[in-house]
There are 2 protein chains.
Amino acid sequence: MPRVTDSHRAGRRAEILTAAARLFADNGFHATSMAGIIAGSGLSAGAVYSYFRSKEELIGAVTDLVSTTADEVFGELLADGATPSPAAVVTAMVEEVTERFITDSVIGVDMSRLAVQVWAEALRNPEVLARAGRVVTGLRGHCAEVARRWQAAGNLPAAVVPDQVGAAMLSLVQGYILQRLLLPGTDGAYYVAGMQALLAPSSMLAASSVSGET
Amino acid sequence: MPRVTDSHRAGRRAEILTAAARLFADNGFHATSMAGIIAGSGLSAGAVYSYFRSKEELIGAVTDLVSTTADEVFGELLADGATPSPAAVVTAMVEEVTERFITDSVIGVDMSRLAVQVWAEALRNPEVLARAGRVVTGLRGHCAEVARRWQAAGNLPAAVVPDQVGAAMLSLVQGYILQRLLLPGTDGAYYVAGMQALLAPSSMLAASSVSGET
DNA sequence: CAAGGTAAAACGAACGGTCGTTCTTGACAA
DNA sequence: TTGTCAAGAACGACCGTTCGTTTTACCTTG
C-alpha cells in the first residue's frame, strides 16, 4: 500500500484547508462550492472527501483555523507581569492584527475577512457559534485581565468590573477589523491615533510598551 | 391600468421584503432560498419575481433597509447644537441599538443580525460594499462631528483628527452589536458600564444627556 | 535483487436533489 | 372582449456527495 508518511498526509490536509480558506475568504462559506475547493486543492473530489467528511466539517476546520490564529496573535500580550494601559494593549492588538492576522504568514490568507464570515456563520450554525463564542470569550478575558491589573495599579475605580472594560477594549479591535475592510483608507496608524485620543483625552501618553514573549 | 394599485402594490412589495429580511436574518443571504422567501411571503414565485427581478435585487433591497434603519436610529443624535461627550454619545447609540435596532418596530426583524450578514456580504458583493461603506462612512461622520465639538469645547487636543476619534467611537457600537450576538449575557447596561469606565477612567461622570429631536 | 500481491490513496463520472428563474395557464377586473 | 396579474408547474444548471475504478508504493516471497 502507499504507506504515505504522516507528515505527508497532514500536509495534504493542510493544502485542502488552505484552498478552502482562500476561497471562503473571497466568497464566504455558502457562495463557495466544493467543486471550487476541489479544483483549488489540485486533488479529486474523492480525495478531498477522504480528508473532510463534508463541507460543514471544512467550515468547522476553517473556523478553528481562524480561532487558533487569533489566539496565537493575541496570546502573547500579557506574557509577563506587566501592567500596560488599555490603550497600549489595544494599540498592540491593532498592530498585531495588521501584521499577522490580515495576511497570515502560514497560508497567506486574510484572516480578518474569514473572521467576518465566521461571525455571520455563527448566527446560523450553532457549532460555529460555540467555537466563535469561545474565542471571543477568551479574547475578552485577556482584555479583562489588562483592566484588572490597570485597576489594581490604581488607574481605574474599584467599582469597575474588569470584564466589562474588556468587552469595550475588544470592540475597538473588532471595529478596526470591520472598518478597515468596509472603508478604504482605514489603516492601523490612522485608527490607533483616534483610539488613543478617545481613551486618553487629557494626557496623551498613557501608553507604555507592551511586552511580547520573554 | 392597475385598478387597486399603488399603496396596495407598495404593500405587497413590503410584505415580500419583510419575509426576505426575516429569513435573511435567520440564515444569511446564501443559505436562504427563494422558495423560502416565496413561501414566507404567501405569494407565488411569479408574483415575487414581478416585484423583484432577482435574488440579488432582494439582497440589495434588504441592505438598503438595514442602511435606512441605521440612519434613522442614529440620525437624531446631534439634532441640536449640543456638545455631548463621546462616552455619552456612544451610550446613547448603544441604547438606541438595543431599543430600536435589535427589534425593528416596523417589521419586527433583528436588524443587528442583518447588519452582520451585510458586513459579510459586502466582502464579496461590490454593490453591497458600496452601500454598506456609505452607511459606515455616514455613521463615522456623525461620530466625528461629536469629536469635533468636543474638541472645540477644549476637551480634546487640537492636534486630534476628529474622524479618527469617530472611527473608534463607531467601533464601540459595532463591537457591542457583535458581542451581544456572539456572547450570551452581553446586554446594553453591562456593556455601557465598561465602555464608560474605559473612556473616563479618572472622572466617572463625563456623560451628560444627549438630546433627541427638538 | 526482482517480481507480484496488496491495500491505501486518488480519481472522476455520475447521482439525486435543490437552486434561481421562466413561462404557460387561468381568473378577474375593466 | 381585452388587458393585467398571480399561480405554480417546469426548466436547466449546479449543488454536495458517493462509489466503482485506477494508480501508487510498500511488503512479501522466490
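The shown structure was predicted, so the numbers you read here are calculated from the model rather than taken from an experiment. In what follows, every chain begins at residue 1, and chains take the letters A, B, ... in the order their sequences are listed.
Taking atom CD1 of residue A:Ile59 and atom C1' of nucleotide D:dC15, one finds them 13 Å apart after rounding to whole Å. Rounded to a whole Å, the CD1 atom of A:Ile37 is 11 Å from the P atom of D:dC15. The CD-C1' distance, from B:Glu15 to D:dA6, rounds to 14 Å in whole Å.
Summarising the local packing, CD of A:Glu56 is surrounded by 12 or fewer heavy atoms from other residues, nucleotides or ligands at distances under 6.0 Å. Within 6.0 Å of CD in A:Glu127 there are 12 or fewer heavy atoms belonging to other residues, nucleotides or ligands.
When every heavy atom of B:Glu121 is checked against every heavy atom of B:Ile59, the shortest pair comes out as CG-CG2, 4.4 Å. Nearest heavy atom pair, residue A:Leu182 against residue B:Leu129, reads O-CD1, 3.9 Å.
Sorted by first then second residue, the ring-ring contact (aromatic ring centres under 6.0 Å, His included) pairs that include residues 160-182 of chain B, not counting sequence neighbours, are B:Tyr176-B:Tyr191.
Between A:Ser50 and C:dA8, a side-chain N or O to OP1/OP2 separation shorter than 4.0 Å is absent. Taking side-chain N and O atoms only, B:Tyr51 has no distance below 4.0 Å to OP1 or OP2 of D:dC5. An OP1 or OP2 oxygen of D:dA7 is reached within less than 4.0 angstrom by a side-chain nitrogen or oxygen of B:Ser44.
To the nearest 0.5 Å, atoms CD1 (A:Ile177) and CG (A:Leu172) are separated by 11.5 Å. Interatomic distance, CZ of B:Arg148 versus CG of B:Asp163, reported as 8.0 Å (0.5 Å rounding).
Using a 4.0 Å cut-off on heavy atoms, the residues of residues 25-33 of chain B that approach DNA chain C are B:Thr32, B:Ser33, listed by number.
The aromatic rings of B:Phe29 and B:Phe24 sit perpendicular, their planes meeting at an angle over 60°, well past the 30° parallel limit.
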Between protein and nucleotides 17-20 of chain D, what N or O pairs are separated by less than 3.5 Å?
{"from": "D:dT17", "atom 1": "OP2", "to": "A:Tyr49", "atom 2": "OH", "distance (Å)": "2.5"}
{"from": "D:dT17", "atom 1": "OP2", "to": "A:Lys55", "atom 2": "N", "distance (Å)": "2.8"}
{"from": "D:dT17", "atom 1": "O5'", "to": "A:Tyr49", "atom 2": "OH", "distance (Å)": "3.3"}

